[in-house]
Amino acid sequence: MVIDLERQVQLSCRHLLSEINRDACTPTYGCFDRRYWAWKLTDFPEATYQRNLASLAWYMQACNDESDKEMIREVVIAGLLYTAKIQHGDGSFDQAYPNEKSFGATGFLLPDLIKAYLSVKDSCDERKKERIEECLQRASGFLCRHAEQHGLISNHLAGAALGLFMAEDFFQDKKYGQKGRKLLDSVLYNQSSEGWFPEYGGADPGYQTLCMHYLAQIYKLLSSSELKNALQCSLEFLQYFLHPDGSFGGEYGSRRTEVYYPGGIALLADEFSLAAVMHRFMRDSIEHATTVTLIDIDMGNTAPLLSSTILSLGARCMDIPGSALPFQRDQLCKSFPQA
């Protein structure tokens, strides 16, 4: 069965309405962690689920029915206010355990919260605007003052960098962009000469596509030649992990991920010929379900995959007739000794 990419996105967004608490009479109104607000299986809400607000905001804008659009708008606003409610005083958020104050969770949340807020800002009264914008500023401040300590995780740094660049633009405050550039410089400095970005000490194609999801968006904001070269090298590495059966990545990666995040590569498809070839092949794989899709994914990974798939919907591809991926060649031997 073939399911159009946009249809997959719409179905996944519809499912989000069952995951977020839409009961305005409860103290957890706007919470996305159903284990917490509905089943009472955890004693704290995982903040990273709130990233799904950006996808709900896209669904609101794509909705044709005005009553549905208004309902979703109210839910997105409630979700933003609830996110502010569970934020620590230092601007951080928890993911794995209470009082974790996670740099990665905060970094991942920031760009999606800004996207969601921009879509509903005009519908918020001044008190709500003040509360939400204070939350965004505190998260940005936390990222400026802290660093991730437990490992070099390139996709985390790239996500935090994107959030800070967006915060710089929204708040017109250069200190956020300065820290964003430091994080971006760290990602680029640590890129292997073979093209891969470190994920806990090794190469992982799946997480590298998530890293590309963030880096490609930064590239569209900055148009840096250094970043452009890094993206080209990354594409040249990633092309070897698209398989003949349509799957991607797998257990040979440092984190064994088989999830392909399409947004970053799709965003580059109008400028990088290799990105255009890869995007066409993997879009077909997603629609024919020969790779991991939104239908397959667990709730914990829905937010990044859904937002990345939404980003890919507007891709404009270069026309590259006759271009082949590595597995389509008659003969090939390629080694990555650093990986």
Side-chain angles (χ1 to χ4, degrees), residues 47-48 50-51 54 90-93 95 101-118 135-192 195-200 203-204 206-235 238 255 261 263-268 275 303-305 307-308 311:
T48 56
Q50 303 299 114
R51 287 184 286 173
D90 64 359
S92 65
F93 294 93
Q95 178 179 16
K101 300 186 176 182
S102 167
F103 180 90
T106 308
F108 278 151
L109 270 163
L110 184 58
D112 284 335
L113 292 178
I114 293 175
K115 288 179 184 179
Y117 178 54
L118 287 173
C135 168
L136 299 175
Q137 282 192 305
R138 286 162 67 180
S140 302
F142 175 82
L143 294 175
C144 285
R145 297 188 306 273
H146 295 82
E148 193 158 55
Q149 301 291 342
H150 62 277
L152 178 54
I153 314 170
S154 296
N155 77 88
H156 285 199
L157 300 181
L162 173 61
L164 286 165
F165 285 125
M166 293 174 66
E168 177 187 36
D169 182 63
F170 182 79
F171 292 111
Q172 293 296 295
D173 192 329
K174 291 184 178 179
K175 72 173 179 285
Y176 300 140
Q178 289 168 354
K179 180 57 182 286
R181 283 171 178 80
K182 287 182 180 179
L183 293 175
L184 177 61
D185 288 345
S186 177
V187 173
L188 301 186
Y189 175 80
N190 286 288
Q191 184 180 23
S192 165
W196 49 272
F197 297 104
E199 293 291 339
Y200 282 114
D204 187 88
Y207 270 107
Q208 184 150 329
T209 62
L210 180 55
C211 188
M212 291 284 281
H213 167 80
Y214 297 115
L215 292 180
Q217 292 180 80
I218 294 173
Y219 176 66
K220 293 299 182 179
L221 294 174
L222 300 183
S223 294
S224 149
S225 59
E226 183 184 11
L227 179 53
K228 180 177 181 178
N229 291 335
L231 292 170
Q232 181 64 45
C233 291
S234 178
L235 290 168
L238 287 172
R255 301 182 71 181
Y261 296 89
I265 292 170
L267 199 61
L268 300 173
L305 184 57
S307 64
S308 193
L311 186 63

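In this text, all values refer to a predicted model and were calculated from it rather than measured experimentally.
In terms of modelled atom types and a separation under 3.5 Å, the side chain of R51 and the main chain of S307 share no donor-acceptor contact. A donor-acceptor pair is defined here as one N or O able to donate and one able to accept, closer than 3.5 Å; no such pair exists between the side chain of K182 and the backbone of C144. The backbone N or O of L210 lies less than 3.5 Å from no partner atom in the side chain of N155, so there is not a single donor-acceptor pair.
Within the 4.5 Å cutoff, no side-chain heavy atoms of L143 are placed close to those of K179.
Here the shortest heavy-atom pairing between L136 and L110 reads O-CD1, 3.9 Å. Taking both residues in full, the closest heavy atoms of V187 and A158 are given as CG2-N, 4.1 Å, listed atom of the first, atom of the second, then distance. G163 approaches P111 most closely through the heavy-atom pair CA-CD, 3.7 Å. Contact between A275 and L235 at its shortest, heavy atoms only, is CB-CD1, 3.9 Å. Residues A139 and F93 come closest through the heavy atom pair CB-CE1, 4.2 Å. Taking both residues in full, the closest heavy atoms of H213 and S308 are given as ND1-OG, 3.1 Å, listed atom of the first, atom of the second, then distance.
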Could you go through the side-chain contact (heavy atoms from CB on, under 4.5 Å) check for F108 and Y214 one step at a time?
CA-CA 10 Å; F108 278 151; Y214 297 115; 3.2 Å; yes
Steps toward side-chain contact (heavy atoms from CB on, under 4.5 Å) verdict (L305, Y261)
CA-CA 6 Å; L305 184 57; Y261 296 89; 4.0 Å; yes
M212 vs Y219, side-chain contact (heavy atoms from CB on, under 4.5 Å): CA-CA, chis, key distance, verdict:
CA-CA 10 Å; M212 291 284 281; Y219 176 66; over 6 Å; no
Start with the C-alpha distance between R255 and I153, add both sets of side-chain angles, then the distance that settles side-chain contact (heavy atoms from CB on, under 4.5 Å), and finish with yes or no.
CA-CA 11 Å; R255 301 182 71 181; I153 314 170; 3.6 Å; yes
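We find the CZ-CG distance between F103 and L183 to be 5.0 Å, quoted to the nearest 0.5 Å. Residue K115 holds its NZ atom at 4.0 Å from CD of Q217, rounded to the nearest 0.5 Å. Remark: S102 OG to Q95 CD distance equals 5.5 Å, nearest 0.5 Å. Between the OH atom in Y176 and the CG atom in D169 there is a gap of 13.0 Å [rounded to 0.5 Å]. Between atom CG of residue L238 and atom CG of residue L231 there is a gap of 10.5 Å, rounded to the nearest 0.5 Å. Atom CG of L188 sits about 10.0 Å away from atom CG of N229, to the nearest 0.5 Å.
Of the candidates L157, L215, N190, L215 is the only one forming a side chain to side chain contact (heavy atoms under 4.5 Å, CB included) with F197.
The side chain to side chain donor-acceptor pair (under 3.5 Å) search around H156 returns E148, not counting sequence neighbours. Applying the side chain to side chain contact (heavy atoms under 4.5 Å, CB included) test to C233 and every residue at least two apart in sequence or in another chain returns Q191. Judged as a side chain to side chain donor-acceptor pair (under 3.5 Å), and not counting sequence neighbours, the contacts of S234 are Q208.
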